[in-house]
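What follows is a short report on a single structure.
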2 protein chains.
Amino acid sequence: MDVVELLTQFNLTRQEATIYIALHTEGDSTGYEVAKLTGISRSNAYTSLASLVDKGAAYVMEGSANRYTAVALEEFCTNNIRRMQELKQKLISVMPQARAQPTGYITVKGENHILDKMQTMIVEADERVYLSLSKKILEHLLPALRDGLLRGIKVVIITDIALDLPGATIYRADKEANQIRLIADSTDVLTGDISDGAESTCLYSRSKNLIDLFKDALRNEITLIELRKGGNKL
Amino acid sequence: MDVVELLTQFNLTRQEATIYIALHTEGDSTGYEVAKLTGISRSNAYTSLASLVDKGAAYVMEGSANRYTAVALEEFCTNNIRRMQELKQKLISVMPQARAQPTGYITVKGENHILDKMQTMIVEADERVYLSLSKKILEHLLPALRDGLLRGIKVVIITDIALDLPGATIYRADKEANQIRLIADSTDVLTGDISDGAESTCLYSRSKNLIDLFKDALRNEITLIELRKGGNKL
DNA sequence: CTAAAGTGTTCCTGTTTAGGAATACTATAC
DNA sequence: GTATAGTATTCCTAAACAGGAACACTTTAG
């Protein structure tokens with residue numbers, strides 16, 4: 001994803017993004033200058049500049065000829081994210097009551113959603129999380145795990161390398177690079193792998209039967225590690 | 001903004017939003033049930049369900065007949081916001097170098113952008129902020145001010161009601177309801193009002209001359225408050 | 001067993017909206 | 001005259017939105 005495309009994720013059209021970048025790199029400019037800098041038709045340049053102002057990405061410096069200046073990138077992104085937070089709060093307050101969560105077997109599809117689900121499980125854990133996965137996947141989860149440890153969550157990890165995560169219990173074992181096993185609070189489990197990127201699937205469940213199976217499997221895996229290495233606990 | 005419209009801000013189409021709400025309130029359903037619940041044509045229901053799964057708003061529960069279940073609302077919003085945070089970091093790392101900030105006079109237009117600018121000024125202050133505004137506007141800024149106080153920022157506020165903000169210096173004076181005066185770190189100022197909603201404008205500047213003018217005006221306002229009330233400092 | 005209901009998919013049509021390209025006009029300054 | 005500045009308008013294309021028909025298969029009920 002290039003810069004223009006990243007900016008489109010912040011609700012700018014391609015032309016608006018192009019113009020934003022020009023304002024950012026070249027400094028404050030008139031509509032006429034912007035059109036020349038970017039090669040966009042003048043009429044569309046003026047339309048886009050007005051839109052950038054509406055969307056909080058640019059300000060006007062009023063004069064005989066108006067000049068436009070980019071809102072600082074970090075400020076613009078932060079403002080967008082703050083807006084999303086506010087919309088989230090609004091949504092939560094007006095959304096009708098939810099039906100009870102299903103207790104069946106849920107397919108989580110796509111690497112991004114699987115990582116999201118893992119983060120959510122860690123963030124929402126009250127007591128403990130057990131993970132068995134490779135360093136590669138674990139790296140995505142370190143901030144959430146660190147935060148969890150700060151909250152007093154018990155964190156137990158089986159992974160394939162030495163890991164510096166104070167407060168966590170780490171076991172070392174060879175791991176399939178993309179395999180995932182995660183259990184949180186004895187209430188929910190996630191298992192599968194992310195070898196197929198967007199086509200990857202994992203199973204998520206709150207089913208007690210599956211949770212028990214998992215706890216046993218993880219417990220046994222830990223016992224075997226300890227027996228084989230005389231306790232390779234770090 | 002109703003629920004459907006709020007959900008469109010999280011990248012769902014109107015039909016997807018309608019279906020998400022149905023899944024949320026009625027619980028897990030097949031495509032056929034969803035079409036009946038929502039009155040959306042069956043073929044569009046299936047298309048939208050597939051899209052909801054792609055967008056992380058729903059999961060599949062696979063079986064002879066697939067059932068779909070809504071991702072919890074808070075989880076879905078949080079995942080979206082996390083994604084925006086990640087995109088922000090990516091953008092910051094690939095964006096070309098910015099030209100220097102302008103030192104002229106910038107028009108900030110629209111209530112939302114004005115509030116954004118105030119929040120940014122407070123968040124980015126290193127030493128102190130002075131504010132003269134009504135309680136109505138101040139309420140929007142309290143979290144940022146509290147955080148600033150925690151960071152050791154000096155906060156001085158002239159406002160129209162008693163205010164419980166430990167660590168801040170509060171002066172009481174009648175204030176025009178929508179008038180804004182804010183100065184941060186002796187480096188930037190914002191003044192204007194938000195009486196016209198989306199059409200409101202404020203002036204933002206880093207011009208030393210205007211900053212000096214402001215400091216004098218605020219200082220004098222404080223002196224007059226103290227003389228008139230024998231120091232109505234709270 | 002048959003018929004109906006449920007499930008899933010493909011294909012089609014029509015309308016509306018948004019993004020973008022281009023032209024033309026007015027106004028000001030030199 | 002040219003260059004700059006701003007606005008209005010038209011046209012085109014793709015996507016979104018909406019609805020529906022048709023087909024095939026599975027499950028359920030009588």
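Letters A, B, ... are given to chains in the order of the sequence lines, protein chains preceding strands, and every chain is numbered from 1.
Taking CG of A:Leu190 as the start and CD1 of A:Ile183 as the end, the distance is 11.0 Å to the nearest 0.5 Å.
Looking at residues two or more places apart in sequence or on another chain, you find a side-chain contact (heavy atoms from CB on, under 4.5 Å) between B:Leu203 and B:Tyr105, B:Thr191, B:Leu210. A search for side-chain contact (heavy atoms from CB on, under 4.5 Å) contacts involving A:Asp116 returns A:His113, B:Asn79, B:Arg82, B:Arg83, not counting sequence neighbours. Residues satisfying the side-chain contact (heavy atoms from CB on, under 4.5 Å) criterion with A:Glu127, sequence neighbours excluded, are A:Asp185.
Heavy-atom distances under 4.0 Å link DNA chain D to A:Gly31, A:Tyr32, A:Lys36 of residues 31-38 of chain A, given in residue order.
With a 4.5 Å cut-off on side-chain heavy atoms, A:Arg181 and A:Glu221 count as touching.
No more than 12 heavy atoms of other residues, nucleotides or ligands sit less than 6.0 Å from atom CG of A:Asp174. The 12-atom threshold is exceeded at CG of B:Asp216, counting heavy atoms of other residues, nucleotides or ligands nearer than 6.0 Å.
Using five terminal pairs a side, the axes of the helix from C:dC1-D:dG30 to C:dC30-D:dG1 at its two ends make an angle of 10°, given in steps of 10 degrees.
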Within the 4.0 Å limit for protein heavy atoms, which parts of nucleotides 9-24 of chain D are touched? Write it as a string from 5' to 3', B for base, S for sugar-phosphate only, - for none. B-------SBBBB---
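Checked by atom type and distance alone, the side chain of B:Tyr204 never pairs as donor or acceptor with a backbone atom of B:Ile114 at under 3.5 Å.
Rounded to whole angstrom, the span from the CG atom of B:Asn66 across to the C1' atom of D:dC25 amounts to 14 Å. Rounded to an integer number of Å, the gap from CE of B:Met61 to P of C:dT7 is 14 Å.
At a threshold of 4.0 Å, the pair B:Glu86-B:Lys90 does not count as salt-bridged, since none of the basic side-chain nitrogens sits closer than that to a carboxylate oxygen.
Distances shown here put a side-chain N or O of B:Tyr46 below 4.0 Å from the OP1 or OP2 atom of C:dG8.
Here the two rings, on A:Phe214 and A:Tyr130, have centers that are 6.0 Å apart or farther.
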